[in-house]
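Residue numbers begin at 1 in each chain, while the letters A, B, ... track the order of the sequences.
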Amino acid sequence: MLRLAALEWFPIRWNRKPALHLGLVTISRREVVSASLAIALALAVLLSCGAASAATLDQVKDRGHLVCGSNLGLAGFGLQDDHGAWAGLDIDFCRAVAAAIFGDASKARFLPLSSKDRFTALQSGEIDLLARNTTWTLSREAGQGFLFAAITYFDGQGFLVRKKQNLDSALDLAGASICVQQGTTTELNLADFFRANNMKYEPVVFATADEAVRAYEASRCDAYTTDASGLYVEQRKLAEPDAHVVLPEIISKEPLGPVVRQGDDQWFNLVRWVAFALLDAEELGVTSKNVDDKARSEVPDVRRLLGFEGNFGEALGLGSDWAYRIVKLVGNYGEIFDRNLGEGSNLKIKRGINALWSKGGLHYAPPVR
Amino acid sequence: MRRRSDEAAAHRRLAAPLSRLATSPALRRTLVQVAVAAVLGGLLVAAFLDVRSNMEARGIPTGFGFLDDPAGFDINQSLIAYSATSTYGRAFLVGLLNTCLVAAIGLVLSTLLGFLVGIARLSPNMLLRGLASAYVEGLRNVPLLLQLLFWYNAVLRPLPPPSEALLLPFGSALTNRGLYLPAPIAAQSLAPVALAALLGMGVAFVLFRRMRGRHGPAQGVRVAVIALALVLPPVLATAAFGWPVTFERPELGRFNYAGGLRLTPELVALVMGLSLYTAAFIAEVVRAGLEAVPRGQSEAAAALGLDASRTYRFVLIPQAMRLIVPLLTSQYLNLVKNSSLAVFVGYPDLVQVFAGTVLNQTGAAVQVVLVTMAVYLAISLVASAAMNLYNRRVALVER
Ligand SMILES: N[C@@H](CCC(=O)N[C@@H](CS)C(=O)NCC(=O)O)C(=O)O
């Protein structure tokens, strides 16, 4: 006999006094309560699956702020200080998007996510945009329904080891235990590297970078592996940074960039062109300091970028001064890099391949025209 | 006349179901149940189709085809053959078995410890009672996650790196990478020796039954005869066919020991944390069960001249079991579910491997979460079914 949960589990047992008389049929009060409960449940199910997927930009505007998925805490990319203020390259990218939309860089809010949870959060619509040192790969893009809007940092995976082990190369790591964070390309590259070189190893896998690094420090592992930028940051946090060294090999390509859901081209374009505007501004010498003077600039590229000529922002669903706002409120790519990772920070990471193409690096943004 | 009564009968037949609906609450309830079930079922199907088409529209994988794709990541503890080229489906099995392993060891340890502590809480010895209470209160009130992290550190920190391993007998070694033991390896067919051992057990069993009772031989003779029956056949078989097992000793390499059997610190920390925590709850269950046995029972046992241990074994615990078993079941289920905190100490259980890495890499969140929930549900159902069976055995049989 079919017995329905809602009818049986309902804890309150009133006396069976009749409550409703419908002609021939008399229904007890308990029956009424049970039935309404079941209907409420059914309605909830019905309503919850009919959630409409409106355009992201409209949603963001209605809400009044942008929600970005960010790192749990990786200095230089996304880290919250003791007062709750966020800083980092990814953080500034989100602020640039907020500046373009609202003319107010503070309209970006951050949801810290572990490597493992970041994609589910984006899939389920909890965040509008994922900017969390995330590597662009085919399976993440085509396989999971995402789009990478641009590359904001060119990275690669390396190994951190103890100096006293006297290792010269990652190829000496045969048989080693290696601490690694789950849900990363790191975990896969590691398997590939050892397979390709026909070496054995033991992966010790943790949910967050903190735990992985702590286990490495407790000597549970011979090496800790992640993106070179991450190694740089984590090494600084160790009790004795100088007792450790990063091995020379970079075993993978890790192009990091902002990610959006597939199916909303307008939003994708907006995010992508915010990234390009940051690079174009640097290339054209437009900075947060001189952007106001550029109103007098005669250079057509500059005039178009900043909206003094033409209305390119409109095509993105933004005002014509979209890029002006970005540079004025957040700065250009070079300024952001310098402030978070480069000479202006305590990390002092070199621009290297992250320089503009015109300066020997890889960053090359299409023109605004 | 006749026609009229025919009509009346037809009328009555038509009206019957309706009036029965009006008068029989049982029928009405059934009807309501069926209707609501149909509506809910329909909604579930609709929701399922809706989710599916939404997922398809967003380019999120639907279905379970991903289980056949190569996993591409490694796992450091596996009870079955596994490598980075194995499939996601295989990785799922590895995680599942690792969960079962922790659960099985945890159940045994927490039960043993829980019973000891539970009985100790009722001990007449004040020190013992105090210690047991402190144990229960201390462990019950500290979040399990903290305890796991504590044990992981407690296991890792003091142990030496492999290069300075504590060397134990038979080539065993204790390091912060785990406890390495020599692994038994079948050098040749185990069959003759195994058969001989089985034979010996059979003989021992028969002898045991024969010699039971008041008129049998003395205790010492019995033990000797049975021990002989157990040991002699395999020894003879070994003599005839050769020693069937060799041991592979763990060898120190540049970084780690290789070969042999290995208990990882992650497994040890997880099992320890889970068992100690669950034992505190089991102790309470046991204490409650024992306290529910009427005082007269222990007094009667004392009057019969039973000592404390026999009183517990033959009088108190069998009666307390009726109360303990159902409560124990829910503690066991908690232990199984709590084992999913494994990821925090780096142990590759089902949640870490499947709901963690596999979900992340495939993006098949809905499927992976459903399967994971189904697995925990299945484990729980099997466990409660087993406990219910056991409960029926210990339940009071009215005679
Ligand atoms: N770029 C890689 C790795 C990204 C990643 O999660 N890196 C780690 C290690 S640097 C991290 O940010 N961890 C921060 C945390 O979990 O607190 C990817 O996209 O999979």
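- If you measure heavy-atom distances from B:V358 to chain A, you find no contacts under 4.5 Å at all.
- Contacts of A:D172 with chain B are made by both backbone and side-chain atoms, with heavy-atom separations under 4.5 Å.
- To the nearest 0.5 Å, the span separating OH on B:Y152 from CZ on A:F206 amounts to 3.5 Å.
- Along residues 62-72 of chain B, the residues that come nearer than 4.5 angstrom to chain A, judged on non-hydrogen atoms, are B:A71, B:G72 in order of number.
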Check the pair B:Q77, A:E202 against side-chain contact (heavy atoms from CB on, under 4.5 Å), reporting the backbone distance first and the verdict last. CA-CA 9 Å; B:Q77 178 193 304; A:E202 182 205 17; over 6 Å; no

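- Heavy atoms only, all atoms of each residue included: B:V343 and A:A207 are closest at CG2-CB, 3.6 Å.
- For the residue pair B:T357 / A:E187, a side-chain donor-acceptor distance below 3.5 Å is found, with atom types taken as modelled.
- Residue with the most contacts toward chain A among B:P265, B:A258, B:G42: B:P265 (heavy-atom pairs, distance under 4.5 Å).
- Here the closest non-hydrogen pair linking A:G175 and B:F255 is O-CB, 3.8 Å.
- With a threshold of 4.5 angstrom between heavy atoms, B:L159 does not approach chain A through any atom at all.
- Taking A:P203, A:A218, A:S115 one by one and counting their heavy-atom pairs under 4.5 Å with chain B, the maximum is reached by A:P203.
- Using a 4.5 Å cut-off between heavy atoms, B:A364 does not touch chain A at all.
- Ion pairing of A:K200 with B:D74 is absent here, as no side-chain N (NZ or NE/NH1/NH2) approaches a carboxylate O to less than 4.0 Å.
- Residue pairs meeting the salt bridge (Lys or Arg N to Asp or Glu O under 4.0 Å) criterion with at least one member in residues 263-273 of chain B, sequence neighbours excluded: A:R220-B:E266.
- Counting heavy-atom pairs closer than 4.5 Å to chain A, the top-ranked of the candidates B:P162, B:G346, B:A365 is B:G346.
- Taking chain A as the reference chain and counting heavy-atom pairs below 4.5 Å, the highest number among B:G356, B:A342, B:G178 is found for B:G356.
- In this structure, the side chain of A:Q144 engages the main chain of B:Q361 through a donor-acceptor pair within 3.5 Å.
- Using non-hydrogen atoms only and a strict 4.5 Å limit, the part of residues 81-89 of chain B facing chain A consists of B:A84, B:T85.
- Judged as a disulfide (SG to SG under 2.5 Å), the pairs with a partner in residues 171-222 of chain A (not counting sequence neighbours) are, in order, A:C179-A:C221.
- In this structure, chain B has a heavy atom under 4.5 Å from the side chain of A:E211, while its backbone stays farther away.
- Using a 4.5 Å cut-off between heavy atoms, A:Y201 contacts chain B through its side chain alone, with no backbone atom that close.
- Your options are A:L173, A:T120, A:D117, and the one with the most heavy-atom pairs under 4.5 Å with chain B is A:L173.
- The only member of B:N256, B:T264, B:N176 that meets side chain to side chain contact (heavy atoms under 4.5 Å, CB included) when paired with A:S177 is B:N256.
- Contact check for A:T186 versus B:F73: no side-chain heavy atoms found under the 4.5 Å cut-off.
- In this structure, the portions of B:R177 lying under 4.5 Å from any heavy atom of chain A include both its backbone and its side chain.
- Heavy-atom pairs under 4.5 Å with chain B were tallied for A:R118, A:Q123, A:Q165; the largest tally goes to A:Q123.
- Residue A:A212: no heavy atom, backbone or side chain, is found under 4.5 Å from chain B.
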